[in-house]
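First comes the structure, then the notes that go with it.
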Protein chains: 2
Amino acid sequence: MKAPQVRSPRKAKGQGGERREEILDAALTLFSAKGLQAVSTRQIAEAAGISQPGLYAYFATKDDLIAELCVRAFAKLSARMEAGKAQWTPTPEMFDRAMMTYIDFGLSEPDAYRVAFMVEKSHDGSFLSRSGGRPMAAGLEAFRGFVAMIADLHDHGLTADDDALRLTQTLWAGLHGLVSLLIARPEFPWVEREALIAAHIAMLRRGALK
Amino acid sequence: MKAPQVRSPRKAKGQGGERREEILDAALTLFSAKGLQAVSTRQIAEAAGISQPGLYAYFATKDDLIAELCVRAFAKLSARMEAGKAQWTPTPEMFDRAMMTYIDFGLSEPDAYRVAFMVEKSHDGSFLSRSGGRPMAAGLEAFRGFVAMIADLHDHGLTADDDALRLTQTLWAGLHGLVSLLIARPEFPWVEREALIAAHIAMLRRGALK
DNA sequence: GCGATAATCTATCACTGATAACTTATCATC
DNA sequence: GATGATAAGTTATCAGTGATAGATTATCGC
């Protein structure tokens with residue numbers, strides 16, 4: 001059952017970056033399989049073929065390592081958003097498609113999504129403060145394309161709320177609710193998932209557009 | 001700075017329940033001030049005037065203690081829902097009011113809300129499984145009155161989706177998104193909160209009702 | 001007073017993230 | 001090719017975590 005990970009040889013002088021990638025890969029696999037809380041730095045180190053304190057040569061804290069994985073995941077979302085931009089027109093159909101892109105991303109990268117928007121910032125500011133808010137910043141960067149789409153719809157007189165920023169925040173909340181609940185409570189007796197997502201998007205469209 | 005909590009005397013034979021209440025009170029105060037993760041069993045024990053292992057005479061695990069606080073919080077929501085039921089009529093105005101009740105509760109009892117709907121069930125089933133899913137069950141019990149209202153609106157032909165269950169899940173997700181984001185990301189540059197909530201409810205109403 | 005038992009304590013465990021201080025491999029240079 | 005600098009990695013250890021075992025003390029019915 002235990003990963004027979006071969007300890008890869010010591011890295012040459014300038015090649016610490018390679019080890020860093022190996023650690024991130026090992027960590028992502030473990031996090032996906034067991035959840036963020038359940039994976040210890042010792043498990044990550046073993047899977048990466050390194051001693052546990054060795055991790056701290058590459059990441060200042062465990063949270064920093066997690067944050068790094070997040071930023072990378074959101075780079076993927078940014079790419080997807082940017083790709084969709086090519087065919088964009090201010091229509092209800094494209095509205096639906098943008099919503100779908102967001103939901104698809106959240107469900108396909110649940111760990112990144114969790115860290116960016118679901119992990120709680122403890123009151124004394126431990127997690128995201130120390131990592132400089134990078135995961136959320138990366139998440140919002142990816143979200144920016146979405147904001148631009150809503151603004152475009154608003155400029156064409158298609159939105160039901162005259163405040164585009166407020167409407168965007170409201171829609172984001174609507175999307176986030178579905179994604180985060182599907183991630184956090186998969187065992188809940190949901191109606192069939194695809195129909196649920198379609199109905200949710202339809203509901204948001206009716207609520208947001210004229 | 002440290003709480004000068006006087007160690008209350010040993011409880012008489014049948015009075016263990018009192019100590020249990022004292023522990024729950026102390027824990028709720030600490031959790032509200034510092035967050036769930038940041039409070040240790042030793043801190044709870046000291047605030048309750050008891051030794052750390054002494055907690056385990058009353059709660060099998062730390063999660064059980066948290067779960068107990070949750071169930072109690074949701075009992076309050078149930079009471080609010082039940083109170084609102086008296087004046088219920090199947091109208092858009094009452095729809096708005098029900099939505100508002102849910103959001104108000106989430107924002108006024110953020111810790112309970114977090115545990116019931118935001119804390120991640122780790123993949124090997126550690127948290128809510130061990131506590132028997134009681135917080136979520138209590139949350140959904142409180143939510144049941146809300147479900148009944150949607151069904152009533154549906155029966156009067158006022159809803160835009162012909163599947164009342166699916167619409168309820170969709171609306172729940174919409175509400176949850178706003179509540180959970182406001183809890184988890186209070187520092188985000190939101191538009192003015194009351195206007196945001198009102199706009200969100202209006203969006204959900206337009207999307208859910210005819 | 002006496003035995004039973006509820007309430008509680010001290011001591012300790014395995015584990016967590018993190019740090020200090022030391023060793024070893026690689027590399028550019030003489 | 002030996003040398004010194006430094007990157008890469010180690011072992012040993014720390015304080016703090018949730019949790020358990022077993023002894024101890026207070027209260028009760030008799």
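Computed over heavy atoms, backbone and side chain alike; hydrogens, waters and symmetry mates excluded. Note on naming: letters A, B, ... go to the chains in the order of the sequence lines (proteins, then strands), and numbering restarts at 1 for each one.
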Can you name the side-chain hydrogen bond (donor to acceptor under 3.5 Å, both in side chains) partners of [X], sequence neighbours left out?
X: B:Asp104; result: none
X: A:Lys85; result: none
X: B:Gln169; result: none
X: A:Asp161; result: A:Arg166

Requested in this report: Could you pick out which residue, A:Gln43 or A:Ala60, lies toward the 5' side of DNA chain C when each is mapped onto its nearest nucleotide?
Outcome: A:Gln43
Requested in this report: Describe, as an angle rounded to 10 degrees, how the axis at the first end of the helix from C:dG1-D:dC30 to C:dC30-D:dG1 is tilted relative to the axis at the last end, five pairs per end.
Outcome: 10°
Query raised in the report: Do A:Tyr102 and A:His176 have ring centroids that are under 6.0 Å from one another?
Result: no
Please give, in whole Å, the distance from [N] [atom2] to [X] [atom1]?
X: A:Leu36; N: C:dG17; atom1: CG; atom2: P; result: 12 Å
X: A:Asp64; N: C:dA18; atom1: CG; atom2: C1'; result: 13 Å
X: A:Gln52; N: D:dA8; atom1: CD; atom2: P; result: 19 Å
X: A:Glu22; N: D:dG9; atom1: CD; atom2: P; result: 9 Å
X: A:Phe59; N: D:dG9; atom1: CZ; atom2: C1'; result: 15 Å
X: A:Lys62; N: D:dG16; atom1: NZ; atom2: P; result: 19 Å
X: A:Glu46; N: D:dT11; atom1: CD; atom2: P; result: 13 Å
X: A:Gln37; N: C:dT16; atom1: CD; atom2: P; result: 13 Å

Phosphate-side-chain proximity, [X] and [N], N/O vs OP1/OP2 below 4.0 Å:
X: A:Ser51; N: D:dG9; value: no
X: B:Ser40; N: D:dG16; value: no
X: B:Tyr56; N: D:dA21; value: no
X: B:Arg19; N: C:dT8; value: yes

Got a list of side-chain donor-acceptor pairs under 3.5 Å for residues 73-82 of chain A, not counting sequence neighbours?
unit_1, atom_1, unit_2, atom_2, d
A:Lys76, NZ, A:Glu109, OE2, 2.9
A:Ser78, OG, A:Phe74, O, 3.4
A:Arg80, NH2, A:Ser108, OG, 3.1

Requested in this report: Taking only the side-chain heavy atoms of A:Pro53 (C-beta and beyond), determine which of C:dG17, D:dA19, D:dT11 contains the nearest atom.
Outcome: D:dT11
Report task. Consider the side chain of A:Thr41, meaning its heavy atoms from C-beta on, and name the nucleotide among D:dA19, C:dG17, D:dG9 that approaches it most closely. Result -> C:dG17
Query raised in the report: Does the distance from a Lys or Arg side-chain N to an Asp or Glu carboxylate O, for B:Glu93 and B:Arg97, drop under 4.0 Å?
Result: no
Query raised in the report: Which is true for B:Ala57 with a 4.0 Å heavy-atom rule: it touches a base, it touches only sugar-phosphate, or it touches nothing?
Result: base
Query raised in the report: Less than 3.5 Å between a donor and an acceptor, one on the side chain of A:Arg42 and one on the base of C:dG17, is that the case here?
Result: yes
